[in-house]
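Step one of this worksheet: look at the structure below.
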Amino acid sequence: MRLSRSLVPTLKETPAEAQIASHRLMLRAGLVRQTASGIYAWLPAGWRVLQNIAQIVREEQDASGAQEMLMPTIQSAELWRASGRYDAYGPEMLRLKDRHERELLYGPTNEEMITEIVRSSVKSYRELPQNLYHIQWKFRDEVRPRFGVMRGREFLMKDAYSFDLDYAGAVVSYRKMMLAYMRTFQRLGLKAIPMAADSGPIGGDLSHEFIILAPTGESQVFYDAAFEGIDYTGGQFSFDSEADLQRFHEMMTGSYAATDEKHDTAAWAKVAEKREGRGIEVGHIFYFGTKYSEPMGLTVAGPDGKPVVPHMGSYGIGVSRLVGAIIEASHDEAGIIWPDSVAPWQAVIVNLKPGDAACDSICEDLYAKFAGKALYDDRADRAGAKFADADLMGHPWQIVVGPRGAAAGNVELKRRATGERQELAVDAALARIL
RNA sequence: CGGGGCGUGGCGCAGCCUGGUAGCGCGCGUGUUUUGGGUACACGAGGCCGCCGGUUCGAGUCCGGCCGCCCCGACCA
């Protein structure tokens, strides 16, 4: 995109409503605009980030064997009465009526709907297991939306639902999702720690929250250094190997990890290498047995022909929350520092002197070669303003093209994360990035 | 939902106490200037002062109601 013709409204000053770093930076970098309390419009740059994150989430879900689908945002109240949650869910659920006075709701989650869909189409144990997910907007009428996109009322979530014949099968599905999550967060450039969470009446160790480390996180976290440096994407854990999945699960549950709410000082004392930090919750997975399948009448024919009630689990990632969380984990005084995998553009080409033949020629050439992966700052602004915006927007690379180097066919390459700069020939710079 | 606060050009704010024809900085437009980290100067555009009602000769300012938004707390991807 050419910046001169794009809607990327950066701000020099911070709007008064924004308190935390990610919210301030998202507004200043022109990623989002708030349209109502807890509801945001995603502007071009922000939308690219959101899609990049969603794509990584999607790839890892697919790799785990889950199938993507899309369920609607609007659901009928009837569905929720069947599970008993219509009344139980409370005022957080946005309720609507259509022109015929039929009761509808804007989905806060999709257990009921997916259970109904599976109920109507899956008839035999041979069709299990199934794991279905979608990436869809949710609405939860939070009492107090805050922290920008991290605690909005409308938010984009990836939610997956697994269906297995029995508990043993559900455990395998659970472990696959846990692995998919750790791989996803690693690819997003985040350090994530799975933490045991309340699993309700079902019990067991099959509910985990995924906390990512960020200095400005909401809660204090305590964890074993054993979680550091594990490579989840390198091939040592296969989704197809139950032995791998078990080893992985033991690794994740065998070391101490807790937020301040559940911190156990006695157990903590025994940890050899302690780590503490701040964290943000970005995902939650749990096994809940037949909590929905039972009341909603989901059964399949078992091997002996008799009906069996499938065991379910559900698995959520806050996709839009991740945008804020990544910024909390990766920014400095000047602005955002995007991990390469989620950046809206890999590089910004900063033309210091639009109109100068040498500068224009190098920039146009670079811009074409990046084929959409670079933002071209062709605005007729001061150099300082462009540098400030480039840092603010957080592009992983900045390619500075000025008359000084252009004459010799050189550009300056700056890495946003380290601040490191060097003067290179155009092709050499290009080779470093692509 | 309890507690606190704020709504005045696009953004950040002053003016309100003590009513008298709306102001500052940034941004925006034009021109000159400058030309590698938000340059300087000049001219200019842009405001239902959140909304409704009341008091008053006169309301951004005082009174009442409503709406919106933010912050702290309890709860959540």
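All figures in this text were calculated on a predicted structure; none of them were measured in a lab. In what follows, chains carry the letters A, B, and so on, assigned in the order in which the sequence lines appear, proteins first and then strands, with residues in each chain numbered from 1. We use all heavy atoms of the structure for the numbers below, so side chains are in, but hydrogens, waters and symmetry mates are not.
- Regarding Glu261(A), its CD atom lies at a distance of 10 Å from the C1' atom of C75(B), rounded to whole Å.
- Using a 4.0 Å heavy-atom distance criterion, Thr14(A) is classed as a sugar-phosphate-only contact.
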Show me the donor-acceptor pairs within less than 3.5 Å that the side chains of residues 278-286 of chain A make with the rest of the protein, sequence neighbours left out.
unit_1    : atom_1 : unit_2    : atom_2 : d
Arg278(A) : NE     : Gly217(A) : O      : 3.2
Arg278(A) : NH1    : Gln220(A) : OE1    : 2.9
Arg278(A) : NH2    : Gly217(A) : O      : 3.3
Arg278(A) : NH2    : Glu218(A) : O      : 3.0
His284(A) : NE2    : Ser207(A) : OG     : 3.3

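- Atom name C1', nucleotides G27(B) and G44(B): the rounded distance is 14 Å, in whole Å.
- Between Phe210(A) and Tyr181(A), the angle of the ring planes lies from 30° to 60°, which puts this pair in the tilted group.
- Counting to the nearest Å, the C1' atom of A77(B) and the CD atom of Gln136(A) are 15 Å from each other.
- Between U33(B) and C43(B), the distance separating the two C1' atoms is 15 Å to the nearest Å.
- A donor-acceptor pair under 3.5 Å is absent between the side-chain atoms of Glu60(A) and the main chain of Ala180(A), judged by distance alone.
- The separation of G50(B) from A59(B), taken at their P atoms, amounts to 15 Å, rounded to a whole angstrom.
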Would you tabulate the nitrogen or oxygen pairs shorter than 3.5 Å linking the protein to nucleotides 67-71 of chain B?
unit_1 : atom_1 : unit_2   : atom_2 : d
C69(B) : OP1    : Ser37(A) : N      : 2.6
C69(B) : O3'    : Gln34(A) : OE1    : 3.2
C70(B) : OP1    : Gln34(A) : OE1    : 3.1
C70(B) : OP1    : Gln34(A) : NE2    : 3.4
C70(B) : OP2    : Ser37(A) : OG     : 3.0
C70(B) : O3'    : Glu17(A) : O      : 3.3

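- Counting only distance, with no hydrogens or angles, the side chain of Arg321(A) and the backbone of Phe155(A) share no donor-acceptor pair below 3.5 Å.
- Rounded to a whole Å, the CD1 atom of Ile212(A) is 13 Å from the C1' atom of A77(B).
- Within the 4.0 angstrom heavy-atom criterion, only backbone atoms of the sugar-phosphate kind lie near Val282(A); the bases stay farther away.
- For the 3.5 Å distance criterion, the side chains of Gln136(A) and Asp159(A) fail to qualify, holding no donor opposite an acceptor.
- As a whole-Å value, the separation of Glu92(A) CD from C1(B) C1' is 13 Å.
- Residue Gly152(A) is classed as a base contact, given a heavy-atom separation below 4.0 Å to a base.
- A side-chain donor-acceptor contact under 3.5 Å links Lys158(A) to the backbone of Tyr315(A).
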- Query: How would nucleotides 23-39 of chain B be written as a contact map, 5' to 3', with B for base contact, S for sugar-phosphate-only contact and - for no contact, using protein heavy atoms under 4.0 Å?
  - Reply: --BSS------BSBBBB

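- Residues Tyr161(A) and His134(A) have side chains that never bring a donor and an acceptor to within less than 3.5 angstrom of each other.
- Counting to the nearest Å, the P atom of C76(B) and the CZ atom of Arg151(A) are 9 Å from each other.
- The nearest whole Å value for the distance from the CG atom in Leu25(A) to the C1' atom in C11(B) is 16 Å.
- A cation-pi arrangement, defined by a distance under 6.0 Å to the six-membered ring centre and an angle within 45 degrees of its axis, is absent between Arg275(A) and Tyr223(A).
- If you take atom P in G5(B) and the same atom in C63(B), they sit 15 Å apart, rounded to whole Å.
- Gln51(A) and Gln55(A) are not linked by any side-chain donor-acceptor pair at a separation below 3.5 angstrom, with hydrogens and angles left out of the test.
- On the P atoms, G20(B) is 41 Å away from G31(B), given to the nearest whole Å.
- In a base pair of the Watson-Crick type (N1 to N3 plus N6-O4 or O6-N4) or a G-U wobble (N1-O2 and O6-N3), with each distance short of 3.5 Å, G73(B) is matched with C1(B).
- Across all strands shown, A42(B) forms a Watson-Crick or G-U wobble pair, both distances under 3.5 Å, with U30(B).
- A gap of 14 Å separates the C1' atoms of C48(B) and G7(B), to the nearest Å.
- For the pair Leu7(A) CG and G10(B) P, the computed distance is 16 Å after rounding to whole Å.
- Using a cut-off of 4.0 Å between Lys/Arg side-chain N and Asp/Glu carboxylate O, Glu112(A) and Arg81(A) are scored as not salt-bridged.
- Ring planes of His208(A) and Tyr174(A): tilted class, angle from 30 to 60°.
- For the pair Pro15(A) and Gly316(A), nearest-nucleotide mapping onto RNA chain B gives the more 5' position to Pro15(A).
- Nucleotides C41(B) and G54(B), compared at atom C1', are 49 Å apart to the nearest Å.
- Going from atom CD of Gln61(A) over to atom C1' of A77(B) covers 14 Å, rounded to whole Å.
- Base pairing of G68(B) is made with C6(B), judged by Watson-Crick or G-U wobble geometry with both donor-acceptor distances under 3.5 Å.
- For the P atoms, the distance from G10(B) to A45(B) is 16 Å, rounded to whole Å.
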